[in-house]
Amino acid sequence: MTEKERRVAAGKRIWRNARLATISPTLPGLGVVERGAVASVDGKIAFAGPEADLPASLAVNADMVDCDGRWITPGLIDCHTHLVHAGNRANEFEMRLAGATYEEVAKAGGGIVSSVRALRAGSEDELIRQTLPRLDALIAEGVTTVEVKSGYGLDLDNEAKSLRAGRRLAEERPISVKTSFLGAHALPPEAAGDKDMFVAKVADEMLPAIAAEGLADAVDGFCEGIAFSPEQISRVFDKARVLGLPVKLHADQLSNLHGAALAARYGALSADHLEYTDAEGAAAMAEAETVAVILPGAYYFIRETRKPPIQLFRDAGVTMAVATDCNPGTSPLTSLLLTMNMAATLFSMTVEECLLGVTRNAATALGLAAETGTIEAGKWADLAIWDIERPAELVYRMGFNPLHQRVWRGS
């Protein structure tokens, strides 16, 4: 074993001669530290700050990495994805471009029903095979944590299959994965239009079985006219509360059913989309410390015209995260860097808001604020090292990836 291999095996590494965007809440803005260093021991950050203040004891037998003045940010976090799915819906995209209506696409077998059919037909191994390229695209841009929702199985066996596949992604790649059970996503064909009956099955049969197997870190739902009512979502969330699982909600995307306020009443980790959220909903989210997850990919892809009320969230003091919403129907997006550019360009979010939105605030939206999302002692050494002159480049550029190195848990 070489000296370097021995040091790596000992679990100590120091990145020096770097510029840090720590995103620490104890520092202003992006928490910038010039001429900084980060030290990790056994995968966790032991020091982050000016290199001149690095304790000499940490340098003993440590693997030293000279960053040549590069920037280091926390590893990026994609806190809202439907990454595990089978097939794609490019044919529907083509039909809509040719002028087909939503109803015509549905009659041709399109829409979420086609994604349900494809997922049910695939094995767990096949889902993994199809999902890994999407995950690899995120990893290549410095993503170290990803949330993965179910919602295309819509029965117990296939929802469980989807969540198991999501869990397995963390075995296939060096990445942290959080899974969310989205049984109340849409109505499956066999429900014959009976939403109340299906919601009862989700709450009373599917959710307890999913929880008993430990497959979900959170419970999600879609509160919308084309999906489920606030009362129906409440039935699912009541069961989640009994089972001790936190909740999240697709809310106020296409209309204002007061989904944001509903999420806040349940102390939700996040409410997502939020294009139609009103002042009452924003105030409720701020009081409950529910994160607003902004999803510009879906807004762009389905040509929405109603923007999420970013200024309202600012004024109310709502924490905002940004995510890809990667899914086959409304946001086939696997670039968190492009997502930040969309959030800035389409919604006028600032560089600081975008970068906090894919790091510290995204961690909060997943209940992981104590573990990751900032470069601070005690947290996982999840880092992204960039060939950039200033952090704004991560939001400014389109179709360009300046990642120099991705670090997950210290390596």
Side-chain angles (χ1 to χ4, degrees), residues 78-88 112-132 134-135 145-173 175-192 194-222 227-228 232-233 235-250 268-269 272 325-329 366-367:
D78 196 349
C79 66
H80 181 131
T81 85
H82 305 254
L83 205 63
V84 173
H85 60 263
N88 63 67
I112 194 170
V113 174
S114 65
S115 291
V116 172
R117 186 167 54 247
L119 186 136
R120 289 180 175 182
S123 67
E124 185 178 315
D125 287 343
E126 178 61 19
L127 290 180
I128 292 291
R129 187 191 69 79
Q130 293 194 37
T131 301
L132 283 177
R134 295 186 284 270
L135 180 62
T145 301
V146 65
E147 184 257 15
V148 179
K149 303 180 192 296
S150 65
Y152 293 122
L154 303 184
D155 62 27
L156 178 56
D157 288 346
N158 287 291
E159 287 291 295
K161 177 176 68 178
S162 177
L163 291 166
R164 287 191 201 101
R167 291 278 203 231
R168 278 182 55 190
L169 294 174
E171 301 171 10
E172 299 286 338
R173 295 292 188 269
I175 193 165
S176 301
V177 176
K178 300 290 277 187
T179 54
S180 298
F181 170 58
L182 181 56
H185 187 200
L187 202 61
E190 64 270 16
D194 192 337
K195 291 186 179 182
D196 287 332
M197 179 274 293
F198 179 68
V199 165
K201 181 173 289 189
V202 170
D204 300 335
E205 299 177 22
M206 296 167 66
L207 181 47
I210 294 293
E213 196 173 337
L215 290 175
D217 298 302
V219 175
D220 205 338
F222 187 15
F228 300 100
Q232 290 163 338
I233 292 296
R235 181 164 185 179
V236 176
F237 282 6
D238 285 340
K239 180 63 71 170
R241 178 178 285 169
V242 169
L243 295 169
L245 287 169
V247 299
K248 306 167 69 67
L249 186 63
H250 290 61
L269 291 172
D272 306 33
D325 190 20
C326 176
N327 75 77
L366 296 179

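From R164, atom CZ reaches atom CG of L169 across 14.0 Å, with rounding to the nearest 0.5 Å. The NZ atom of K201 sits 8.0 Å away from the CG atom of D155 when rounded to the nearest 0.5 Å. Note that the CZ atom of R120 and the CG atom of L154 stand 6.0 Å from one another [nearest 0.5 Å]. To the nearest 0.5 Å, atoms CZ (R134) and CG (N327) are separated by 10.0 Å. With rounding to the nearest 0.5 Å, the separation of CD1 in I112 from NE2 in H85 is 12.0 Å. We find the CG-CZ distance between L207 and R235 to be 11.5 Å, quoted to the nearest 0.5 Å.
What you find for V219 and F237 is that their closest heavy atoms are O-CE1, 4.0 Å. Nearest heavy-atom pair, H82 versus Y152, reported as atom, atom and distance to 0.1 Å: CB-CE1, 3.9 Å. Contact record, L245 with A216: CD2-O, 3.5 Å, taken as the closest heavy-atom pair. The two atoms that bring K248 and A218 nearest to each other are CD-CB, 4.0 Å, heavy atoms only. Closest approach of D220 and S180 over heavy atoms only: CB-CB, 4.5 Å. Shown here for L127 and S162, the closest heavy-atom pair between the two residues is CD1-CA, 4.3 Å.
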In sequence, state the C-alpha distance, the side-chain angles, and the governing distance for I175 and L135, and then conclude on side chain to side chain contact (heavy atoms under 4.5 Å, CB included).
-> CA-CA 9 Å; I175 193 165; L135 180 62; 3.7 Å; yes

List the steps, then state whether side chain to side chain contact (heavy atoms under 4.5 Å, CB included) holds for E205 with L156.
-> CA-CA 8 Å; E205 299 177 22; L156 178 56; over 6 Å; no

Could you walk me through whether I210 and L163 pass the side chain to side chain contact (heavy atoms under 4.5 Å, CB included) check?
-> CA-CA 9 Å; I210 294 293; L163 291 166; 3.7 Å; yes

Begin from the C-alpha positions of E159 and S150 and carry the test side-chain hydrogen bond (donor to acceptor under 3.5 Å, both in side chains) through to its verdict.
-> CA-CA 6 Å; E159 287 291 295; S150 65; 2.6 Å; yes

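Remark: F181 engages no residue in a ring pair (Phe, Tyr, Trp, His ring centres under 6.0 Å) (not counting sequence neighbours). Under the side chain to side chain donor-acceptor pair (under 3.5 Å) criterion, Q232 pairs with D196, S229, sequence neighbours left out. K161 meets the side chain to side chain donor-acceptor pair (under 3.5 Å) test with N158; sequence neighbours excluded.
Checked by atom type and distance alone, the side chain of K178 never pairs as donor or acceptor with a backbone atom of D217 at under 3.5 Å. Side chain of R167 to backbone of G214: a donor-acceptor contact under 3.5 angstrom is found. Although no hydrogens or angles enter the test, the distance criterion places no donor-acceptor pair under 3.5 Å between the side chain of Q130 and the main chain of A86. A side-chain donor-acceptor contact under 3.5 Å links T179 to the backbone of L215. Side chain of T81 to backbone of E147: a donor-acceptor contact under 3.5 angstrom is found.
Counting heavy atoms from C-beta outward, D194 and F198 have side chains that stay 4.5 Å or more apart.
No side-chain donor from either of D272 and H250 sits under 3.5 Å from a side-chain acceptor of the other.
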